[in-house]
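Residue indices begin at 1 and follow the sequence shown. Side chains included, hydrogens not; waters and symmetry mates left out as well; all remaining heavy atoms used.
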Amino acid sequence: MQALLLSLTLATILAYLWYASLLKKRTSAIEALKVIDSRIDMRLTLFTELCQAKPSYHPLTDDQQAQLQQLKQLQPQHDWGQPIEASNVTGGSLSVSIAAWQQIDQGLEALLAMVNKDKLSEDKLAEYLQLELDFVHAEDFYRKAVDELNSGVKIFPGAAVAKLARIAPMPIFDQVHD
């Protein structure tokens, strides 16, 4: 009888530790998403300011200006104010947000590559490049946290603990940076 009680106690302790581990990984991923969200917003705003800093120089053509406007229209699509459980479903707002962040990131990179950087404000350009680097680091951190979370959710006993705790795998960024 004592062996059974000891086994159940040990199983309960291990399940709790697994739950705490999953919760920590999910919290880390959510914090990375918040950083990604703020950095992409700041980059979009700063890129717009960067292109308007000198009234005598307009670095964007009409087509490029239209592309920038399209990126700005994607901005509301990445608001995932729902609780993570509600937004973290296939096709949920988190997946939509990640797709929007990727489109904005790729669009800004393409636009910046076409702009003559010599005529832009050096301070704002340096700040923009730092935000771009912060975005990449946050994206990498998110990817690692989600890989760990998804692995923990899929293997036994994590699958059972995650199901009881309603912790689901999270979507990953499929974007590759060279």
Side-chain angles (χ1 to χ4, degrees), residues 1-47 71-110 126-178:
M1 186 65 176
Q2 283 183 330
L4 180 61
L5 184 60
L6 184 62
S7 296
L8 287 175
T9 303
L10 185 59
T12 303
I13 290 171
L14 289 175
Y16 175 76
L17 291 175
W18 201 283
Y19 166 75
S21 171
L22 291 176
L23 204 57
K24 180 180 179 269
K25 292 170 186 170
R26 182 174 74 171
T27 303
S28 295
I30 291 170
E31 289 301 316
L33 286 174
K34 290 177 182 177
V35 170
I36 289 168
D37 184 38
S38 71
R39 293 306 182 260
I40 205 76
D41 283 344
M42 293 166 85
R43 278 178 61 198
L44 196 53
T45 302
L46 190 59
F47 187 81
L71 295 177
K72 287 180 182 180
Q73 290 172 357
L74 285 175
Q75 207 169 9
Q77 290 183 12
H78 71 78
D79 292 338
W80 54 279
Q82 303 173 10
I84 196 69
E85 293 81 11
S87 64
N88 186 22
V89 294
T90 304
S93 64
L94 185 54
S95 297
V96 172
S97 296
I98 288 174
W101 287 327
Q102 289 175 327
Q103 284 182 302
I104 293 170
D105 179 50
Q106 291 170 348
L108 286 173
E109 284 179 7
E127 185 180 350
Y128 176 85
L129 293 174
Q130 182 60 49
L131 287 172
E132 187 173 337
L133 188 61
D134 292 348
F135 176 83
V136 170
H137 290 305
E139 183 183 30
D140 289 342
F141 182 80
Y142 172 79
R143 188 176 283 117
K144 289 174 187 169
V146 167
D147 283 344
E148 290 176 9
L149 173 69
N150 291 350
S151 295
V153 165
K154 291 177 183 174
I155 61 174
F156 184 80
V161 172
K163 189 171 186 171
L164 288 172
R166 296 185 185 143
I167 297 176
M170 294 178 72
I172 60 170
F173 279 85
D174 57 3
Q175 181 176 353
V176 177
H177 288 283
D178 295 331

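- A salt bridge links D140 with R143: the distance from a Lys NZ or Arg NE/NH1/NH2 to an Asp or Glu carboxylate oxygen falls below 4.0 Å.
- Nearest heavy atom pair, residue I167 against residue L22, reads CD1-CB, 3.9 Å.
- Interatomic distance, CD1 of I98 versus CD1 of I172, reported as 9.0 Å (0.5 Å rounding).
- Taken to the nearest 0.5 Å, the CH2 atom of W101 stands 5.0 Å off from the CG atom of D37.
- Nearest heavy atom pair, residue A29 against residue Y142, reads O-CD1, 3.3 Å.
- The two atoms that bring L131 and L46 nearest to each other are CD1-CD2, 3.8 Å, heavy atoms only.
- For Y19, there are no ring pair (Phe, Tyr, Trp, His ring centres under 6.0 Å) partners at least two apart in sequence or on another chain.
- Nearest heavy atoms, M170 versus R26: SD-CG, 4.0 Å.
- Checked against side chain to side chain contact (heavy atoms under 4.5 Å, CB included), E148 has the following partners two or more places apart in sequence or in another chain: K25.
- Qualifying side chain to side chain contact (heavy atoms under 4.5 Å, CB included) partners for A138, counting only residues two or more places apart in sequence or in other chains: V35, I36.
- Remark: side-chain polar atoms of W18 are paired, donor with acceptor, to backbone N or O of G152 under 3.5 angstrom.
- Distance CD1/I104 to CZ/R39: 15.5 Å, rounded to 0.5 Å.
- Rounding to the nearest 0.5 Å places CG of L33 at 11.0 Å from OG of S38.
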With a cut-off of 3.5 Å and sequence neighbours excluded, list every side-chain donor-acceptor pair involving residues 6-16.
unit_1, atom_1, unit_2, atom_2, d
S7, OG, A3, O, 2.8
T9, OG1, L5, O, 2.8
T12, OG1, L8, O, 2.8

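- Applying the side chain to side chain donor-acceptor pair (under 3.5 Å) test to Q130 and every residue at least two apart in sequence or in another chain returns D134.
- To the nearest 0.5 Å, the span separating CD on E127 from CG on L129 amounts to 10.5 Å.
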Please step through side chain to side chain contact (heavy atoms under 4.5 Å, CB included) for the pair I30 and T27, ending with a clear verdict. CA-CA 5 Å; I30 291 170; T27 303; 5.6 Å; no
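- Between F141 and S28, the shortest heavy-atom contact is CE2-O, 3.6 Å.
- Side chain of S21 to backbone of L17: no donor-acceptor contact under 3.5 angstrom is found.
- No side-chain heavy atom of L164 sits less than 4.5 Å from a side-chain heavy atom of V161.
- Residue pairs meeting the side chain to side chain donor-acceptor pair (under 3.5 Å) criterion with at least one partner in residues 150-161, sequence neighbours excluded, do not occur; the list is empty.
- Here the closest heavy-atom approach between residue E109 and residue R43 is recorded as CG-NH2, 4.2 Å.
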